[in-house]
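In what follows, chains carry the letters A, B, and so on, assigned in the order in which the sequence lines appear, proteins first and then strands, with residues in each chain numbered from 1.
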Amino acid sequence: MEYNFSELEPRWQKYWKEGGVYHVENGGGAKERPHFYVLDMFPYPSGAGLHVGHPLGYIASDIFARYKRLRGYNVLHPMGYDAYGLPAEQYAIQTGQHPAVTTEKNIARYREQLDKIGFSFDWDREVRTCDPKYYKWTQWTFIQLFKHYYDNDANKALPISSLEERFAQRGSEGLHAACTEEMAFTAAEWNGWDESQRAKVLMNYRLAYLADIPVNWCAELGTVLANDEVVGGLSVRGGYPVERKLMRQWSLRITAYAQRLVDGLEQVDWTDSLKEIQRNWIGRSEGAAVWFPLENENGELKNEKSADAAFEIFTTRPDTIFGVTFMVLCPEHELIGQITTPDHKAEVEEYVSWAKNRSERERQAEVKKVSGVFTGAYAVNPLTEEKIPIYVSDYVLAGYGTGAIMAVPAHDSRDFAFARHFGLPIRQVVSLEKDATSDPATWTESMDAKTGYSVNSGFVSGMKVKEAMAAVIDKIEEMGIGHRTVNFRLRDAIFSRQRYWGEPFPVYYKNGIACTIPEECLPLELPEVSEFKPTATGEPPLGHAEKWAWDTKTNSVVNVSNIDNKTVFPLELSTMPGFAGSSGYYLRYMDPRNDKEYFSEQAVDYWQNVDLYVGGAEHGTGHLIYARFWNKFLFDMGMAKKEEPFQKLINQGMIQGRSNFVYRSKRDNNLYISKGLVKDMDEVTPIHVDINIVDNDVLDVEKFREWRPEFKEARFEMEDGKYVCGWEVEKMSKSMYNVQNPDDLVARYGADTLRLYEMFLGPVEQAKPWDTNGIEGVHRFLKKFWKLYQGENTEASKESVKVLHLTIKKITDDIERFSFNTAVSTFMICANQLTDLKCSSREVLEPLVVLVAPFAPHIAEELWHQLGNEGSVCDAEWPKFDPQMLVEDTVKYPVQFNGKMRFMLELPADATQADALEAVKASPESAKWLTGEPRKVIFVPKKIINIVV
RNA sequence: GCUCUGGUGGUGGAAUGGUAGACACGAGGGACUUAAAAUCCCUUGCCCGCAAGGGCGUGUGGGUUCAAGUCCCACCCGGAGUACCA
């Protein structure tokens, strides 16, 4: 029988589907099996369909899921769709086609493509973020976030109702909670306030809150964007300019969890680089908050710690406080109006308005340009009592720390540039060597490193930098003018989007107060709209919806015409961002059809969290942060059982495109020169050519002539009768004609070949260009593998049993360390050796089928049945490795795969190679397993000997 | 700039500190065939040599070690993340 993949693959796919082979239950079944949860980052179903880069991670996780199952685990391996998103909406604006229709169509296409590759997903658990049954729980979680605040003493989220009780009894006294701004009020004040005033105060503490905040506004997309959706002042999607704008927006107080998000990284099994990406993004820095008193009109100190007498700065270098020669406020700083002296007023106001109107992009592009202005006011260094000028400059950011800094030009490069520009003094206070100083006037750059010793620094002079830091903070704390503190770079996540195609907020506005709709009324379904564009008045698309008001009497959605502000109120017009639906989907997979709860206690108790998560590192500062935050919140609520959602994480590398080029002669427009014949690249024009008409870099010239009209008359200068194309690694994209569609490869070689080849290409984690050149090799292997099984059952030779056991060992090791490319190689070696040995023994071949099953499930299933087995190979047992089988006369020695053995012998220090060989042969140990001469003995002085047998 | 990665044949890539280049592609040669496809066998890091054999080789320069692609230090080059975060 021939290996007929196109016949057998669909047949087994049908068998798996109809037999529910991949259906998973929450529980170990009759005998209690261990559980394992393997998850892929679910895809956004784009109109372009899958290209070969997408399935890479899915194949890797599928191999692992199948492997775990064969090892006796109950494996949860679900798949779904991140179905809300901009492209479907943009398409809707252009064509009027409802995004739900587009999305549905794209999902069907994705599903069809995925099914052809033979994944072991349990499709009964599929989720879609745009499904009301699903987003009900996204909305529900939002309501919980709204109804909780973060208590820094309890170090967890607590119900907002307990905060209300607390305020009624004690006011804000003693409260340590995450908030937008610090507030101080008494119980009496609280009790005297009306509903609207209390609502305002509570909003200051809620984990989902509404506030006027500077946002990234993208006019082109007509929406605000989160920080991770903006790169270099441009939107990630579309690359449109983004400006800073103050808007009333929903935000998630993710900063409350900043410390726990940092700490949690210690517990998870992720790559160092991804952990580092997250640490950088969270940006924890330790330092000190210090109050600098202001000098008043009479030149006297206002030596008290209040907002009009002093201002607070944050520094990570308290040790350099003796080197402060000026202060800088950000242009948004509230103190500016108050302290600026009359003679500087005009200048300062002009600067501030210039700085505020500068677009984010301009600001970022001109980072190196120094700008700023003197306020005429002075602060006082609390340790030296020196008078220090106060400047305003936009190199100080409003959003970080307190928006004010102490400038130490000698030891901070930005302060250095500023001081040089304005001719301000530079004073050295840190030196690499004790007591040695140089003249800062001669420096070309500041000395920023946190090493060396303090100099010119009063009581800390002579101390090491680290000691000086501690000593200065101690002193400041003792003086009551500052304290040790930690700052984070992480900002709260802006949660509103002025879009249509997203989860509606379960929020209505009762006379301006944001209220959530009752939980039992969820989901609040996305309404129909006449248009997907913003309204004429600039409202988000939901402003077009007729039926978009909340009736508190009937608890239902009614027409906006009924709004009376007594019982019927307007609903929120923004929708939630893309990361809302993807932040908790892994929990929903545990119990996806539950309409009473997000997921049942029983389900989460069983699965706990994701054991293995596979996906791209590009989500490092987005989804992976938000999901961890979401999970920690649910953990605080007692719902999630593990604080970290994803125990182990593998980042599959990006698959880049490999473009092919033809070289058109500049002298003759119809002449194309084969790569090897091009002598001077300046004489030809490289032109992208569709990789689908190129095979192993050889152009199909006939197809090329037909490809596009301008190539119809093409003539070729061939080498050895072939036209060889050039190639380059680029992004995979339509415009480069280098997109490889997996369906074509499945049709040509079969799913098993595609699966093996994607793994064979290189380590899963590594970025690599797609290149079909080697696919024949793995296809040949499958044919050879197939052939092995076509003979009659015979008795197994010792040699073939040895090959089997070496293979079991190596494959098991390779899978455990996610080295799937070497695993595929191992199979090839194994098949070659068994072919040479003419092995056709069932004893060897049957376990081998099980080893191959995770990688090439279709062929494995077919051969499993050819060998006369019942049921699916998915339920077989992983073969046991027996080291005894590797040595003929069973001896316990460490045996390595390539036949290398290593052991130690005592030899004299001056022993030679020949002595070593003699010693090996004479050794009673080796006599048991060494038959004849060893092929090679590698000997080095001391006692280690490698023997190749 | 800072942080993290990586640098091995013509190509993709193998190597718990222990034979560098497994495996595969490509290339060259051969067998089978009227021919082609398919299949199989041999060669294939570089240099010298008919050969046996020898020399050189993992970005560069140092170091640790009996032994370094692997560990340490410095530098060069690529990729990613971040970017006035005090």
(Q) Can you work out whether A:K787 or A:A617 has the more 5'-proximal nearest nucleotide on RNA chain B? (A) A:K787
Q: Heavy atoms under 4.0 Å is the rule here; annotate nucleotides 21-29 of chain B 5' to 3' with B where the base is hit, S where only the sugar-phosphate is, and - elsewhere.
A: -BBSSSS--
(Q) Please pick, from B:rG12, B:rU5, B:rG13, the nucleotide with the shortest atom-to-atom distance to any side-chain atom of A:Q766. (A) B:rG13
Q | Along RNA chain B (nearest heavy atom to each residue), the more 5'-positioned of A:S273 and A:D836 | A | A:S273
Q. Which nucleotide sits closest to the side chain of A:D394: B:rC84, B:rA86, B:rG81?
A. B:rC84
Q: Indicate, with a heavy-atom threshold strictly under 4.0 Å, whether A:S285 touches base, sugar-phosphate, or nothing.
A: sugar-phosphate
Q) Which residues pass the side chain to side chain donor-acceptor pair (under 3.5 Å) test with A:E276, sequence neighbours left out? A) A:R279
Q.
Over all strands shown, is A:P763 touching base, sugar-phosphate only, or nothing at heavy-atom distances under 4.0 angstrom?
A. sugar-phosphate
Q.
My understanding is that only residues two or more places apart in sequence, or in another chain, count here; which of them pass ring-ring contact (aromatic ring centres under 6.0 Å, His included) with A:Y3?
A. A:F5, A:W786
Q) Nearest-Å distance, CD (A:E618) to P (B:rA80)? A) 12 Å
Q. Side-chain donor-acceptor pair under 3.5 Å between A:T621 and A:Y626, yes or no?
A. no
Q.
Checking contacts here: which listed nucleotide (B:rG81, B:rU5, B:rU39) is nearest the side-chain heavy atoms of A:K783?
A. B:rU39
